[in-house]
Amino acid sequence: MTARVIDGKAVAAGVRERVAAEVAELAPRLGREPGLATVLTGDDPASQVYVRNKRQACEEAGMRSIHHDLPADVAEERVLAVVDELNADQRVDGILVQLPLPDGIDQDAVVDRIDAAKDVDGLTAASAGRLAQGRPGLVPCTPAGVMELLREAGPPIEGAEAVIVGRSILVGRPLSALLLNANASVTVCHSRTRDLAATCRRADVLVAAVGSPRLVEGGWVKPGATVIDVGINRTDDGLVGDVDFDVAREVAGAITPVPGGVGPMTIAMLLSNTLAAARARAA
Ligand code: NAD
């Protein structure tokens with residue numbers, strides 16, 4: 001069996017089109033464009049590219065981008081003051097503080113200062129708590145994108161055995177809550193998991209979010225499973241995921257490629273979250 005390759009670019013383009021159409025409907029009711037604020041600290045080139053892409057996508061969707069650039073030696077108090085200002089700004093629906101923050105700044109304190117109603121990255125303790133309790137709220141973008149891809153892949157999530165490799169706050173943990181809320185039976189694996197291969201082999205839905213090139217071998221995939229590869233690893237062979245794609249695709253029912261799978265979904269879901277935040281604030 002050769003797996004269907006899930007086209008993340010196409011799914012992301014569909015989400016972005018839907019968001020743009022809904023923004024065009026909502027803006028006249030709001031009397032303004034929905035607004036996404038980005039806060040960038042320091043001069044890390046990767047963070048600069050990520051923020052530039054997010055701002056551009058935001059404008060392409062018809063939303064307003066508000067941006068704060070802060071120097072690498074900025075004091076924590078100043079970052080907190082910028083977040084307070086954005087929390088109070090009625091034109092701002094979503095706030096994204098690009099991580100990591102410079103050394104010496106308490107990342108948790110800055111993230112938790114964001115008003116939960118504007119937490120479009122879904123990373124505050126308040127948003128994480130809501131998600132863990134199965135209550136409505138804003139959900140981290142990458143795991144939200146994984147759920148969109150799973151819906152697109154087809155087989156029902158309800159009742160499925162789902163295995164996630166990786167337990168980060170950004171991906172593995174929120175995804176475990178999303179899958180549980182969608183009525184999957186969820187196992188979360190990590191660096192101390194005893195028999196990773198055997199656990200993965202049980203999965204109807206297998207998600208790899210580790211950051212280790214081709215860690216998940218083709219032989220770990222249950223025939224017909226849906227495999228979602230969140231990993232992005234730069235190697236001498238170029239960009240590869242956490243799954244050995246060439247072997248796994250011969251076993252799986254559906255699989256995401258790297259690049260072109262989960263990657264494009266993250267920004268699409270950020271736009272979707274900003275729209276949802278604007279709508280909820282207008283209600
Ligand atoms: P992280 O480093 O915060 O977490 C990695 C997790 O993998 C940890 O929970 C750790 O316990 C687990 N792990 C490490 N080695 C392991 C092993 N040998 N066996 C089993 N588990 C192991 O990483 P993250 O932020 O969750 O990112 C994971 C990957 O996803 C990275 O490659 C990152 O670049 C990528 N990523 C992609 C997107 C996207 O938009 N596509 C977004 C976020 C992260």
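Computed from a prediction, not measured in an experiment: that's the story for all the values here. For ligands, and for the atoms within them, numbers begin at 1 and follow the listed sequence.
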* To do: Evaluate the criterion side chain to side chain donor-acceptor pair (under 3.5 Å) for residue pair D119 and S127; output intermediate values, then yes/no.
  => CA-CA 7 Å; D119 177 22; S127 299; 2.5 Å; yes

* Intermediate values then yes/no, side chain to side chain donor-acceptor pair (under 3.5 Å), T41 and Q98 -> CA-CA 7 Å; T41 46; Q98 184 67 39; over 6 Å; no

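When E33, K54, R55 are each tested for a side chain to side chain donor-acceptor pair (under 3.5 Å) with S65, only one passes: R55. V111 pairs with exactly one of D106, I95, T124, I169 by the side chain to side chain contact (heavy atoms under 4.5 Å, CB included) rule, that one being T124.
Close approach of ligand 1 to R167 (heavy-atom distance below 4.0 Å) involves ligand atoms 6 (C), 8 (C), 9 (O), 11 (O). The G166 neighbourhood of ligand 1 comprises atoms 6 (C), 7 (O), 9 (O), 12 (C), with distances under 4.0 Å to a heavy atom of that residue. If you number the atoms of ligand 1 from 1 as listed, the ones under 4.0 Å from a heavy atom of G263 come out as 41 (N). Each of the atoms 28 (C), 29 (C), 31 (C), 32 (O) of ligand 1 lies under 4.0 Å from some heavy atom of G211. Shown in contact with H190 at under 4.0 Å from a heavy atom are these atoms of ligand 1, numbered in order with element: 11 (O), 19 (N), 20 (C), 21 (N), 22 (C).
Looking only at heavy atoms of the protein, atom 11 (O) of ligand 1 is closest to S191 N, 3.3 Å. Nearest protein heavy-atom neighbour of atom 25 (O) of ligand 1: L170 CD2, 3.8 Å. Scanning the protein for heavy atoms near atom 34 (O) of ligand 1, the closest one is I232 O, 3.7 Å. In terms of protein heavy-atom proximity, atom 18 (N) of ligand 1 is nearest to L215 CD1, 4.0 Å. Closest to atom 26 (O) of ligand 1 among all protein heavy atoms lies S168 OG, 2.5 Å. Nearest to atom 42 (C) of ligand 1 among the protein's heavy atoms is T142 OG1, 3.2 Å. From the protein, the heavy atom lying nearest to atom 44 (C) of ligand 1 is V171 CG2, 4.0 Å.
Between T266 and ligand 1, at least one N/O pair is under 3.5 Å apart.
By the criterion of a heavy-atom distance under 4.0 Å, the side chain of V165, and not its backbone, is placed next to ligand 1. Under 4.0 Å from ligand 1, heavy atoms of V210 appear from its side chain as well as its backbone. Of all the heavy atoms of L196, the ones lying under 4.0 Å from any atom of ligand 1 belong exclusively to the side chain.
No side-chain donor from either of R32 and Q90 sits under 3.5 Å from a side-chain acceptor of the other. Remark: the R18 side chain and the S272 side chain contain an N/O donor-acceptor pair separated by less than 3.5 Å.
Between K118 and D93, none of the side-chain N atoms (NZ, or NE/NH1/NH2) sits under 4.0 Å from a carboxylate O, so this pair counts as no salt bridge. Contact check on K9 versus D7 returns no salt bridge, with no Lys/Arg side-chain nitrogen under 4.0 Å from an Asp/Glu carboxylate oxygen. Checked for salt-bridge contact, R279 and E22 meet the test: a charged N lies under 4.0 Å from a carboxylate O. Ion pairing of D246 with R214 is absent here, as no side-chain N (NZ or NE/NH1/NH2) approaches a carboxylate O to less than 4.0 Å.
Enclosure of atom CG in D103 is not indicated, since only 12 or fewer non-hydrogen atoms of other residues, nucleotides or ligands lie within 6.0 angstrom.
Remark: atom 36 (N) of ligand 1 lies closer than 4.0 Å to at least one protein heavy atom.
Under a 4.0 angstrom heavy-atom cut-off, G172 registers as lying outside contact with ligand 1. In this structure, V230 has a heavy atom closer than 4.0 Å to ligand 1.
Side-chain atoms of S212 do not come within 3.5 Å of backbone N or O of L215 as any donor-acceptor pair.
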